[in-house]
Amino acid sequence: MFSLLWTLIVGGLIGALAGAIVSRDMPMGWIGNIVGGLIGAWLGEAVFGAWGPQLAGMAILPAIVGAIIFVLVISMVTRGIAK
């Protein structure tokens, strides 16, 4: 139970950090940050491997890079739909 909660918290922090780095917010607020962080962690570890410090089963540095990529893609898609 607590491991799931910890994973959601770390995913949210990674998503929020990625949004702050690229100066764009994820849609749906903190739920979007959690989803962005979790998908970014999966994407980053799939592409770059699981290196660096780990927290809640996620390699932090690849997760942040993956979340940055994910936030950029989502912001481009939502900006294109809004026009």
Side-chain angles (χ1 to χ4, degrees):
M1 173 71 180
F2 286 114
S3 64
L4 174 64
L5 183 62
W6 186 242
T7 301
L8 293 175
I9 290 170
V10 172
L13 291 174
I14 289 172
L17 181 63
I21 289 172
V22 297
S23 298
R24 297 185 177 146
D25 291 328
M26 285 291 291
M28 296 176 44
W30 59 273
I31 294 174
N33 284 336
I34 292 172
V35 171
L38 293 176
I39 293 175
W42 172 78
L43 178 67
E45 288 185 25
V47 172
F48 303 113
W51 51 272
Q54 293 198 2
L55 189 61
M58 293 180 255
I60 300 299
L61 299 177
I64 292 172
V65 173
I68 289 171
I69 293 168
F70 184 72
V71 167
L72 285 173
V73 168
I74 292 297
S75 67
M76 284 185 219
V77 168
T78 56
R79 186 181 310 156
I81 291 173
K83 287 187 177 182

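Numbering starts at 1 and runs along the sequence shown.
Val22 and Phe70 fall within a single hydrophobic cluster, where Ile, Leu, Val, Met, Phe, Trp and Tyr side chains are chained together by heavy-atom contacts under 4.5 Å. When the side chains of ILVMFWY residues are joined at heavy-atom separations under 4.5 Å, either directly or via intervening members, Trp42 and Ile9 end up in two distinct hydrophobic clusters. Following chains of ILVMFWY side-chain contacts shorter than 4.5 Å, one cannot reach Val10 starting from Leu5, and the two form parts of different hydrophobic clusters.
Screening residues 26-40 for side chain to side chain donor-acceptor pair (under 3.5 Å) gives no qualifying pairs among residues at least two apart or on separate chains. A side chain to side chain donor-acceptor pair (under 3.5 Å) check over residues 52-77, counting only residues at least two apart or in different chains, returns the pairs Arg24-Ser75.
Here the straight-line distance linking atom CD1 of Ile14 with atom CD1 of Ile39 works out to 13.0 Å at 0.5 Å rounding.
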Between side-chain atoms of residues 43-52 and protein atoms elsewhere (two or more places apart, or another chain), which donor-acceptor pairs fall under 3.5 Å?
from: Glu45; atom 1: OE2; to: Ala59; atom 2: N; distance (Å): 2.7
from: Trp51; atom 1: NE1; to: Phe48; atom 2: O; distance (Å): 3.1

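Partners of Leu38 by side-chain contact (heavy atoms from CB on, under 4.5 Å), not counting sequence neighbours, listed by chain and number: Thr7, Leu8, Ile34, Met58. Scored by the side-chain contact (heavy atoms from CB on, under 4.5 Å) test, Leu17 finds Ile21, Ile64 as partners (sequence neighbours excluded).
Across Ala67 and Gly36, no two heavy atoms sit closer than the pair CB-O, 3.9 Å.
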